[in-house]
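In the text below, chain A, chain B and the rest are named by the order of the sequence lines, each starting its count at 1.
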Protein chains: 2
Amino acid sequence: MAELASNTISPARERILEAAERVVGDVGAARMTLDGVAQAAGVSKGGLLYHFPSKESLLGALAKRYVESMTDCVEQAKSGTGETDGRDLKACIVGILAQQPRAKIVGMGAALFAAAANDLTLLEVIRERIAQYTKQIESSDVDFARAAVVTLAIDGLMMRESLRISCFTEEQRERVVQQLLQIADEAYR
Amino acid sequence: MAELASNTISPARERILEAAERVVGDVGAARMTLDGVAQAAGVSKGGLLYHFPSKESLLGALAKRYVESMTDCVEQAKSGTGETDGRDLKACIVGILAQQPRAKIVGMGAALFAAAANDLTLLEVIRERIAQYTKQIESSDVDFARAAVVTLAIDGLMMRESLRISCFTEEQRERVVQQLLQIADEAYR
DNA sequence: CAAGGTGTACCGGCTGGACGGTATATTCAC
DNA sequence: GTGAATATACCGTCCAGCCGGTACACCTTG
């Protein structure tokens, strides 16, 4: 478990969020109920509602958590490889796709779809993040189109894996990641 | 119960499917109700239930329609550019991403997510299609990794647009498509 | 051809159950 | 004892699926 530097962290709160992700992955976004999440988290419904006053707030927290966790992964990979900032395209690839507990990313993707299924506006957080990133690669000296293709491919792979419709073998997946790294390199000519 | 052969095209049936896509796009997957779809299609709920005996069957039809429509787009683009088969990577790009009524793809993507939200198993159709396509690019003489990246980027862009979180300008999007075409070309060296 | 029969397409009300949310009770920490 | 954290019971709403009915287009058959 990584320690979260953000706001006050309640252990129960975290347990609920994790349980919610599990439930979504198991039964699908639309069939995720508050009772189900509470049961999976080992908490009563009232306890759940204490931490998240409404279903929407739970979904919102899930979406927010997704963005934060994603940024964490990239940040971690960036400091790990010692890349200068402005060149975090490769950190995205390594940080997101080569993550050790693969299930983490899959679960968070599923949570994202849950948020989307229940309320499209909950995706605003993601949209802002994408807008920010798009602007970043546009204003830097990197080849825009190549960099954009890399980010799109990352999204595509994540989506497939979250929806469990990815059909790559481990070896094929590794080759794809290597290819993405190469395209990212080419973008820095 | 009336079993409909998959080929029979009832005008009402088609109208319902289109309405369902519209509703999903408007209110989100989880808030899609049979009443809402029936109203949007200009039929009564009973009429809807006549064509689709259950909500699941409606969702299933939506997913199936998605796959079929996708194949149609590619097939159409392939015959349009006169490419030899085995080289339909570029046809995928042109057929799916450069589609004229953009809303069509967006709507179908939304429908796909609706199906996924209500029942993960409905995605089996998509999974099979992806498996088939993965095998195809693996066994052909095309550079597997490059081709895979192209398909992933297509998926990523489609997903972003279906979820309305894409932030590209028209001009940027065009450059991305051109870049994909170029990478597809490079894959055939 | 008329009268009754049969199948298709569609309608709209109903209901049982599920689900989100509230109100209230209880426990625990300080 | 005070307030945070958690549990239980309950309420109102919403919705999927069912059912009985209608309209109409066809057969039959006498």
Side-chain angles (χ1 to χ4, degrees), chain A residues 4 7-24 26-63 111 113-122, chain B residues 1-24 26-63 111 114-122:
Chain A
L4 282 301
N7 297 343
T8 45
I9 164 94
S10 149
R13 200 185 148 90
E14 200 62 17
R15 226 173 53 236
I16 291 172
L17 254 9
E18 279 164 20
E21 281 177 13
R22 245 187 21 246
V23 170
V24 170
D26 288 350
V27 304
R31 292 190 203 284
M32 176 193 115
T33 77
L34 293 189
D35 294 88
V37 172
Q39 198 173 338
V43 179
S44 77
K45 192 176 173 183
L48 189 157
L49 257 355
Y50 174 80
H51 291 283
F52 302 96
S54 72
K55 189 179 191 181
E56 190 183 352
S57 80
L58 173 60
L59 261 359
L62 239 30
F113 288 121
N118 283 273
D119 185 357
L120 276 317
T121 64
L122 254 21
Chain B
M1 66 195 76
E3 79 249 31
L4 279 282
S6 55
N7 292 346
T8 42
I9 25 111
S10 155
R13 200 184 148 90
E14 200 63 18
R15 231 175 47 238
I16 291 172
L17 253 10
E18 278 163 19
E21 281 177 13
R22 246 187 20 246
V23 171
V24 169
D26 287 349
V27 304
R31 293 191 203 285
M32 176 193 113
T33 73
L34 293 190
D35 292 271
V37 173
Q39 197 173 340
V43 295
S44 76
K45 191 175 175 183
L48 189 156
L49 254 2
Y50 173 80
H51 291 282
F52 303 96
S54 72
K55 191 179 191 181
E56 189 184 352
S57 79
L58 174 60
L59 261 359
L62 239 30
N118 284 273
D119 185 358
L120 277 317
T121 64
L122 254 21

Any residue meeting salt bridge (Lys or Arg N to Asp or Glu O under 4.0 Å) with Asp35(A), in chain and number order, not counting sequence neighbours = Lys45(A)

For residues [X] and [Y], determine if any side-chain heavy atom of one lies less than 4.5 Å from a side-chain heavy atom of the other.
{"X": "Val43(B)", "Y": "Arg15(B)", "answer": "yes"}
{"X": "Phe52(B)", "Y": "Leu17(B)", "answer": "yes"}
{"X": "Val24(A)", "Y": "Phe113(A)", "answer": "no"}

task = State whether Tyr50(B) places a side-chain N or O below 4.0 Å from either non-bridging phosphate oxygen (OP1 or OP2) of dC10(C).
result = no

Tell me which donor-acceptor pairs under 3.5 Å the side chains of residues 53-60 of chain B have, and how far apart each pair is, sequence neighbours excluded?
| from | atom 1 | to | atom 2 | distance (Å) |
| --- | --- | --- | --- | --- |
| Ser54(B) | OG | Glu56(B) | N | 3.4 |
| Ser54(B) | OG | Ser57(B) | N | 3.1 |
| Lys55(B) | NZ | Met32(B) | O | 2.9 |
| Ser57(B) | OG | Ser54(B) | N | 3.4 |
| Ser57(B) | OG | Ser54(B) | O | 2.8 |

To the nearest Å, how far apart are [X] [atom1] and [N] [atom2]?
{"X": "Leu58(A)", "N": "dC19(C)", "atom1": "CG", "atom2": "P", "result": "15 Å"}
{"X": "Phe52(A)", "N": "dT22(C)", "atom1": "CZ", "atom2": "P", "result": "16 Å"}
{"X": "His51(A)", "N": "dA4(D)", "atom1": "NE2", "atom2": "P", "result": "12 Å"}

query = Is Gln39(B) atom CD crowded by more than 12 heavy atoms from other residues, nucleotides or ligands, each under 6.0 Å away?
reply = no

message = Please encode protein proximity along nucleotides 12-20 of chain D as a string of B, S and -, counting only heavy-atom distances under 4.0 Å.
response = ---SBBB--

